[in-house]
Amino acid sequence: MKNHSQPFFYVLFVASILLSGLASAQTTDSIIVTGRIRNLTARLYREAPTVLVSRNNILQANRELVRPAPLNVDGTFRVSLPLIYPQEELYFNYGRISTAFLAAPGTVTIELNADSLFSVAVPFRFGGTNAQVNQQFARYKAFEAAYPDKPSSKKLSELIANQSDNTAFNTLVASFQTPFVKFSEKEKPFPLVTQWVMGNNRYNAAAFLYDKASFESTMIPTSMNSSLRPPDYQLLTAARASSMNRFASYVTERISTDATQQTNGLTVRALSLLLERYGKNITAEERLRLHDYATTNTARAADLRFFDGLVKRSPDTLQRLVNYETMIQRSIRKFDSTDVNYLAAYWLANSLPGLTLDFARLLYDYARPQVKDPQLAKSLDELYGLEVKDSTRIRAAMQTLRKAGNRTSNLEISPSVFITRDDLGNGSSLFDQVVNTNRGKVIYLLLTSASDEAGRQAAFDAQRLRSVYSSRDFALVYLPMPGTNSLLWPELATRYNLSGDHLLLTDSQLMDAIERLRSDNELSATVINRTGKIVKRNAPLPGELEEVRKVLDKNL
């Protein structure tokens with residue numbers, strides 16, 4: 001009953017890293033979800049032996065955090081999840097059946113009857129915390145699903161065309177609210193259900209407005225802040241997380257394209273402190289000079305060469321820190337402390353997946369103290385814990401790779417993760433080497449990037465192909481774009497168990513390979529047949545699973 005905005009594979013993918021990650025998150029409250037699927041048959045149990053209970057993180061709306069609960073033979077299940085906010089919208093999934101429910105510290109019970117799973121509109125019976133609220137909300141979602149005139153993006157865009165932001169927001173809220181108004185005519189809603197639904201509708205309207213402002217490169221009036229981001233709203237829902245993420249994206253775009261950037265950069269003091277703390281090979285004389293700059297917070301135009309030279313000694317580390325701090329400083333000039341707190345946590349959380357373990361820790365140690373809101377801090381700690389929880393296994397894989405040197409062929413650094421590289425070799429020859437290793441199989445080659453969210457998602461999606469095809473007939477090859485840190489992709493592949501062949505090329509080697517692939521974009525796929533011939537350039541990306549399968553099946 002929940003509208004999932006991302007491939008369900010990634011939801012399950014995150015489940016594998018959540019088990020111990022959630023335990024390390026510093027939360028004070030938890031919810032126990034227990035229940036039973038009555039009349040569970042052997043066939044149904046074989047098809048779906050596990051129920052899934054998931055929750056949101058306000059800093060990453062596209063990452064549903066899942067806790068699996070194995071079914072006992074009598075159909076019972078039990079699982080515990082931490083809570084960060086006073087009440088959170090959680091999701092129960094069993095096979096193709098799903099529902100949202102509102103969780104608070106305590107126990108929620110959910111019962112289903114296998115005999116009527118697909119024959120009734122609301123197959124769930126709730127008990128425990130918020131039982132009546134959750135039961136009524138389930139009835140409302142069934143009503144909403146059948147409502148004939150739900151608002152579409154196209155209709156809403158036409159409806160608010162040429163309206164002011166304030167009028168457009170009220171129009172959007174009213175449109176999203178229409179199904180609930182009709183539902184309220186037939187059944188009086190509980191106050192908490194009203195708060196829940198109306199909150200979702202307002203956040204959905206806010207998200208729509210942020211997208212509109214981003215598309216049109218306009219600035220939403222600050223007078224609307226409390227309407228778009230209610231300061232005292234205590235429910236964490238998918239709509240709230242998504243809306244806040246859209247807000248952060250909107251702010252990032254506005255700050256990055258601000259015409260007055262030259263007046264909104266880092267102060268001399270901030271840059272001096274960053275260089276003094278994180279700069280490489282800083283001499284005693286340079287350190288003293290930086291201290292003086294930090295004290296006076298002034299520098300002449302001629303001093304820029306000095307700062308530039310220090311930054312170049314550690315470009316990746318310092319540039320990321322400078323970029324992060326610059327975003328914070330610019331946001332402080334435009335938004336209040338509550339918004340800046342969220343932005344500081346959001347920017348850090350969304351940087352972590354594209355960082356090596358060492359730099360993730362460095363940035364986290366630097367930025368985490370800037371997040372003062374306790375719930376945002378716990379949300380950030382939860383995500384950071386997930387990113388670094390496998391650090392021992394990842395470091396062992398990187399040690400294996402380092403010991404092999406700059407030239408290795410089909411080296412297994414982690415189970416089913418094979419690395420091929422030769423920093424002094426020819427890119428085209430290395431490409432042929434990986435193709436020849438898999439001759440006799442149909443190869444799906446993904447050109448992608450570890451530093452890009454779309455690239456990482458495509459890498460995750462591609463793993464689904466390994467469950468569809470036999471390893472005797474099919475090979476998955478990853479060709480990552482070179483980055484400033486050569487360990488980033490191997491770490492990512494190890495962390496997320498990206499089984500397959502990974503061809504690591506330098507910038508110049510990649511140009512040789514791309515001449516062969518003739519890719520239209522940095523994120524692209526190529527299909528190579530059993531004899532090693534490229535049969536489909538710019539093939540469908542892994543997210544289009546059925547389209548990919550059509551191309552692969554033609555060559556099997």
Side-chain angles (χ1 to χ4, degrees), residues 1-16 18-19 22 30-56 64-81 83 88-104 106-147 179 183 186-187 189-190 193 196-197 237-238 464 467-468 545-546:
M1 297 171 70
K2 181 181 174 230
N3 182 21
H4 296 281
S5 59
Q6 65 196 61
F8 189 61
F9 170 74
Y10 187 46
V11 175
L12 293 179
F13 197 79
V14 172
S16 66
L18 182 63
L19 291 173
L22 284 181
S30 62
I31 178 75
I32 295 173
V33 182
T34 184
R36 184 179 182 185
I37 301 177
R38 297 186 180 278
N39 301 319
L40 183 65
T41 64
R43 180 185 62 80
L44 191 59
Y45 179 80
R46 286 193 301 271
E47 292 177 355
T50 304
V51 302
L52 302 173
V53 181
S54 56
R55 51 183 291 274
N56 302 290
E64 210 170 272
L65 305 176
V66 183
R67 179 68 64 87
L71 285 174
N72 297 314
V73 292
D74 62 350
T76 58
F77 59 88
R78 185 182 188 278
V79 66
S80 176
L81 291 89
L83 296 178
E88 297 192 20
E89 183 181 80
L90 269 59
Y91 316 100
F92 174 89
N93 289 273
Y94 180 67
R96 293 179 287 115
I97 303 294
S98 65
T99 188
F101 64 96
L102 199 61
T107 300
V108 167
T109 64
I110 305 175
E111 292 197 357
L112 304 88
N113 192 321
D115 293 338
S116 58
L117 281 181
F118 306 105
S119 60
V120 296
V122 182
F124 310 96
R125 189 169 70 212
F126 289 92
T129 305
N130 292 334
Q132 291 181 308
V133 166
N134 287 326
Q135 200 67 54
Q136 188 177 67
F137 186 80
R139 291 195 296 272
Y140 165 65
K141 295 304 287 184
F143 175 88
E144 182 188 46
Y147 190 75
F183 176 81
K186 56 174 291 191
E187 182 176 340
F190 293 108
V193 173
W196 186 1
V197 175
T237 65
R464 290 183 294 180
S467 64
V468 175
L545 182 61
E546 292 307 314

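Side chains are part of it too, since the values below use all heavy atoms of this structure and drop only hydrogens, waters and symmetry mates. All of these numbers come straight from a predicted model, not from anything done at the bench. All residue numbers refer to positions in the sequence shown, counting from 1.
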May I ask you to test the P189-V197 pair for a side-chain heavy-atom distance under 4.5 Å?
-> no
Under 3.5 Å, side chain of R36 to main-chain N/O of D74, donor-acceptor pair present?
-> yes
Taking N39 for the side chain and D115 for the main chain, is one N or O donor matched with an acceptor at less than 3.5 Å?
-> no
Could you tell me whether a side-chain N or O of N93 sits under 3.5 Å from a main-chain N or O of S98, the two making a donor and an acceptor?
-> no
Donor-acceptor pair, side chain of R78 and main chain of I32, under 3.5 angstrom = no
In Å, rounded to the nearest 0.5 Å, how long is the span from OH of Y91 to CD of E64?
-> 6.5 Å
Report the residues that fulfil ring pair (Phe, Tyr, Trp, His ring centres under 6.0 Å) with F77, sequence neighbours left out, ordered by chain and then residue number.
-> F92
CZ-CD1 distance between F101 and I110, expressed to the nearest 0.5 angstrom = 4.5 Å
By side-chain hydrogen bond (donor to acceptor under 3.5 Å, both in side chains), which residues pair with R125, not counting sequence neighbours?
-> E111
Does any N or O in the side chain of Q136 come within less than 3.5 Å of the main-chain N or O of F190, such that one atom is a donor and the other an acceptor?
-> yes
Atom CD of E89 and atom CG of L102: how far apart are they, to the nearest 0.5 Å?
-> 7.5 Å
Is the Lys NZ or Arg CZ of R96 less than 6.0 Å from the centre of F118's six-membered ring, within 45° of the axis?
-> yes
Any E187 side-chain heavy atom under 4.5 Å of F143 side chain = no
Whether Q132 side chain and F126 backbone form a donor-acceptor pair below 3.5 Å | no
Just jot down the side-chain contact (heavy atoms from CB on, under 4.5 Å) partners of E47, sequence neighbours excluded, or say none.
-> R43, L44
